S.K.: 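The structure is given below, and queries will be raised subsequently.
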2 protein chains.
Amino acid sequence: MKNTLKTRYEARAKIIKAMAHPSRLLIIEELNRKEHCVGELTEMIGADASTVSKHLSILKNAGLVNDDKRGNLIFYTLRVPCIMQFMSCVEDVISANARQQNAILKCCRG
Amino acid sequence: MKNTLKTRYEARAKIIKAMAHPSRLLIIEELNRKEHCVGELTEMIGADASTVSKHLSILKNAGLVNDDKRGNLIFYTLRVPCIMQFMSCVEDVISANARQQNAILKCCRG
DNA sequence: TTGCAATATGGCTAAATTGCCAAATAGTAA
DNA sequence: TTACTATTTGGCAATTTAGCCATATTGCAA
């Protein structure tokens, strides 16, 4: 792969990889609704606080979220709302897959 | 996390994870332009043919590409063009990150 | 049939990711 | 100051991923 292209795809992959986790997708979706502090997200996800904190740092490092410290709490917001449009495309893939699975089942049962 | 939600985010994450690799992003972009056989993609990427084959099987398994065998060759096509719209959003993130980096540099040099 | 080309699969090691616990840090409040 | 809460960081073990080589498999052609 040409070197400039490689760099470009690596940069993209880094961002997409940051999204590629169930908990981080939940975080993205909830932050799209409104800002949340770490404790709130931790409760929604149901994992250790340190785990959630690491997820948030991955999202922040990719430039997908912003953080805003207010006293003891740190509020996170979604930095790039256009991400949410992508989710409907992903849902399209999921339902296309499901339809295809159904078609295969129907066909093979006769 | 509630169980139905968890399943949904896992399904999404599986698809996004399938995209989250530089070589697979190149494949997606090239297949968006036009169909390609494995050999062509292998040459573009510059990795072992078996490696590229595995990338393709990951994409296929996620429902992102279709394959069509014609004689000795297997042609792959992009199954979900809406994915490409997402790339411009990813590029937005990248340039926003770059701008922010610049701002930080300027500020700290005085 | 044999031989060759294209692609896929198995196996292996190295590297990255995940998630928990424990400990550090930062902020508030007494 | 001490105590308490929120969040982050370090460390570790388990799992997953990546990429190469070697080996199937498939299809064409002689």
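If you're wondering where the values come from, they're calculated on a predicted model, not measured in any experiment. All chains are named by letter (A, B, ...) in the order of the sequence lines, taking the proteins before the strands, and each is independently numbered beginning at 1.
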S.K.: Looking for any heavy atom pair under 4.0 Å, which part of the strands does S50(B) touch: base, sugar-phosphate only, or nothing?
M.R.: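 Base contact - S50(B) has a heavy atom under 4.0 Å of at least one base atom.
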S.K.: So how far is it from I27(B) CD1 to H21(B) NE2, rounded to the nearest 0.5 Å?
M.R.: 9.0 Å
S.K.: Starting from C1' on dT5(D), measure out to CD on E40(A) and report it in whole angstrom.
M.R.: 15 Å
S.K.: Can you find a side chain N or O atom of R24(B) that sits less than 4.0 Å from OP1 or OP2 on dA18(D)?
M.R.: yes
S.K.: Would you mind telling me which of R24(B), R79(B), M19(B) makes a side-chain contact (heavy atoms from CB on, under 4.5 Å) with L64(B)?
M.R.: M19(B)
S.K.: Are any of H21(A)'s side-chain N or O atoms less than 4.0 Å away from OP1 or OP2 of dG19(C)?
M.R.: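 Yes.
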S.K.: In whole Å, I'd like the distance from the CG atom of L56(B) to the C1' atom of dT7(C).
M.R.: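 Taking atom C1' of dT7(C) as the reference, CG of L56(B) is at 10 Å.
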S.K.: Are any of the side-chain heavy atoms of R8(A) and L25(B) separated by less than 4.5 Å?
M.R.: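 Contact flag for R8(A)/L25(B) side chains = no.
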S.K.: Ignoring backbone atoms, establish whether S53(A) has a side-chain N or O less than 4.0 Å from OP1 or OP2 of dT7(D).
M.R.: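 No, because none of the side-chain N or O atoms of S53(A) sits under 4.0 Å from OP1 or OP2 of dT7(D).
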S.K.: Is a side-chain N or O of S95(A) found less than 3.5 angstrom from the main chain of E91(A), in a donor-acceptor match?
M.R.: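 Yes: the side chain of S95(A) pairs with the backbone of E91(A).
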S.K.: Atom CZ of R70(B) and atom P of dC28(D): how far apart are they, to the nearest Å?
M.R.: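 Going from CZ in R70(B) over to P in dC28(D) covers 13 Å.
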S.K.: Remember a base hit wins even if backbone is also touched, and classify A49(A) as base, sugar-phosphate or nothing at under 4.0 Å, heavy atoms.
M.R.: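 The answer is base, as A49(A) lies within the cut-off (heavy atoms under 4.0 Å) of a base atom.
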S.K.: Please tell me if Y76(A) has a side-chain N or O lying less than 4.0 Å from either OP1 or OP2 of dT8(D).
M.R.: yes
S.K.: Could you tell me whether the phosphate oxygens of dT17(D), OP1 or OP2, come under 4.0 Å of any side-chain nitrogen or oxygen in K17(B)?
M.R.: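 Answer yes for this pair, as a side-chain N or O of K17(B) is under 4.0 Å from OP1 or OP2.
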S.K.: Grab the CG-C1' distance between N61(B) and dT9(C) for me, whole Å please.
M.R.: 14 Å
S.K.: Classify the side chain of N72(A) and the base of dT28(C) as holding, or not holding, a donor-acceptor pair under 3.5 Å.
M.R.: no
S.K.: Please report the distance, rounded to the nearest Å, between CD1 in I45(A) and C1' in dC20(C).
M.R.: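 The distance from CD1 of I45(A) to C1' of dC20(C) comes to 15 Å, rounded to the nearest Å.
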S.K.: How many Å lie between CD1 on I16(A) and C1' on dT17(D), as a whole number?
M.R.: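 Interatomic distance, CD1 of I16(A) to C1' of dT17(D): 17 Å.
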S.K.: With heavy atoms under 4.0 Å as the rule, sort K54(B) into base, sugar-phosphate or nothing.
M.R.: base
S.K.: To the closest 0.5 Å, what do you measure between OG (S23(B)) and NZ (K6(A))?
M.R.: 8.5 Å
S.K.: Take the protein atom CD of E10(B) and the nucleotide atom C1' of dT15(D), then report the distance between them rounded to whole Å.
M.R.: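 In whole Å, dT15(D) C1' and E10(B) CD are 15 Å from each other.
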S.K.: Rounded to whole angstrom units, what separation is found between the CE atom of M1(B) and the C1' atom of dT18(C)?
M.R.: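 Taking atom C1' of dT18(C) as the reference, CE of M1(B) is at 13 Å.
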S.K.: Report yes if at least one side-chain N or O of T51(B) is closer than 4.0 Å to OP1 or OP2 of dA18(D); otherwise report no.
M.R.: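 For dA18(D), neither OP1 nor OP2 has a side-chain N or O of T51(B) closer than 4.0 Å.
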